[in-house]
Amino acid sequence: MAAAALAWFFSITNQSNDLIWPILILLSIALWVCTAQIYQCIRFIQEWAHPLTMVNFIALGLTSGWLLLGSLLLFWPDTILQPSFQLICHLGILLLFVCLTIKLTIWKRNKNLRPKSTLNSAIGVRQVSIRQTSMGLMGGSFNTREFFHNQTETVLSNLRKIIFFGAYLIPILLLIYAAQSSSYGLIPAVLLIHYCGLMSERWMFFAEANHPQNLYYQRIS
Amino acid sequence: MQPNFSLVFFTTLAGMAQGLIFFIATLKLIGNALPNDFLGFLALPFGIVLLGLSLIASFFHLGHPEERGVPLICGERRGFRVK
């Protein structure tokens, strides 16, 4: 943030220090890597512990940032020219398409994940088939509240549809239309729709994580 | 996991602000394509404000929200004192 403030100071006073721009690029990438690593480094959550988590973070950040830049450029009276509007649309479509590919890969991978431990492996009893009858407490606890999202499967599958259409498909289609018809006003609309889908996507990212402890907090009695 | 809304806002806003700054810097590097006025008055302040908002959102995610962070910021009194 300090580097961005410095760059702002430079541009207000019309100085040019060309060193600030590579620093900003590196700091942006570093911050993405850091925030993604917070989740990716947790080995126990299989959905997260994969390089695709970081790739998804960076790709979505780049995409939403590009759409935001495009919207800001449109609000500024004299910078927008026809070729750059085409660039905004085309690069936006490309980035959204890349993000969609990554997201579908992640979803496909998550569907095939199985827990690495079972009741048998937990207590070391291999031959017998075990059934849990009670989790040992009747009321809730931190473990029963913090690690589960408490939504029904319908909510989740509706959210996945919202994510697919809102964050990826509708923005792609709108951008293709905007590129053909040069309608400048569509870009902020695309940003808004994409951002709503992005928030749902991030919610889903946290909700679909399955901590192994959920295997054991199954039944009250 | 229980999705915390402050986390949702923090990661999405920060990601967007970083993307904005990334592309501003890239466009500046490859051809000085963005005029200083635009940067100075719209784009970079927007990016800084977004980063600041995401930072504030991340504060609401730390600690035990029911004990420390949120009541401290919102000024409520805590429930009972543990002896």
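Numbered from 1 within each chain, the chains take letters A, B, ... in sequence-line order.
- Heavy-atom distances place no part of A:I38 under 4.5 Å from chain B, backbone and side chain included.
- For the residue pair A:N110 and A:Q46, no side-chain donor N or O sits within less than 3.5 Å of a side-chain acceptor on the partner.
- For A:L60, no part lies near chain B; criterion is any non-hydrogen pair under 4.5 Å.
- Only the side chain of A:I45 comes within contact range of chain B, with heavy atoms under 4.5 Å apart.
- Note on ring orientation: taking the six-membered ring where Trp is involved, the planes of A:Y39 and A:F206 are perpendicular (angle over 60°, cut-offs 30° and 60°).
- In this pair, A:W48 and A:F205 present their aromatic rings parallel. The plane angle is below 30°, not in the 30 to 60° band.
- A donor-acceptor contact closer than 3.5 angstrom is absent between the side chains of A:Y195 and A:S64.
- Counting heavy atoms from C-beta on, the side chains of A:F164 and A:K103 never come closer than 4.5 Å.
- In this structure, chain A has heavy atoms under 4.5 Å from both the backbone and the side chain of B:L13.
- Only the side chain of A:I29 comes within contact range of chain B, judged by heavy atoms closer than 4.5 Å.
- A:L191 touches chain B through its side chain: at least one heavy atom from C-beta onward sits under 4.5 Å away, while N, CA, C and O do not.
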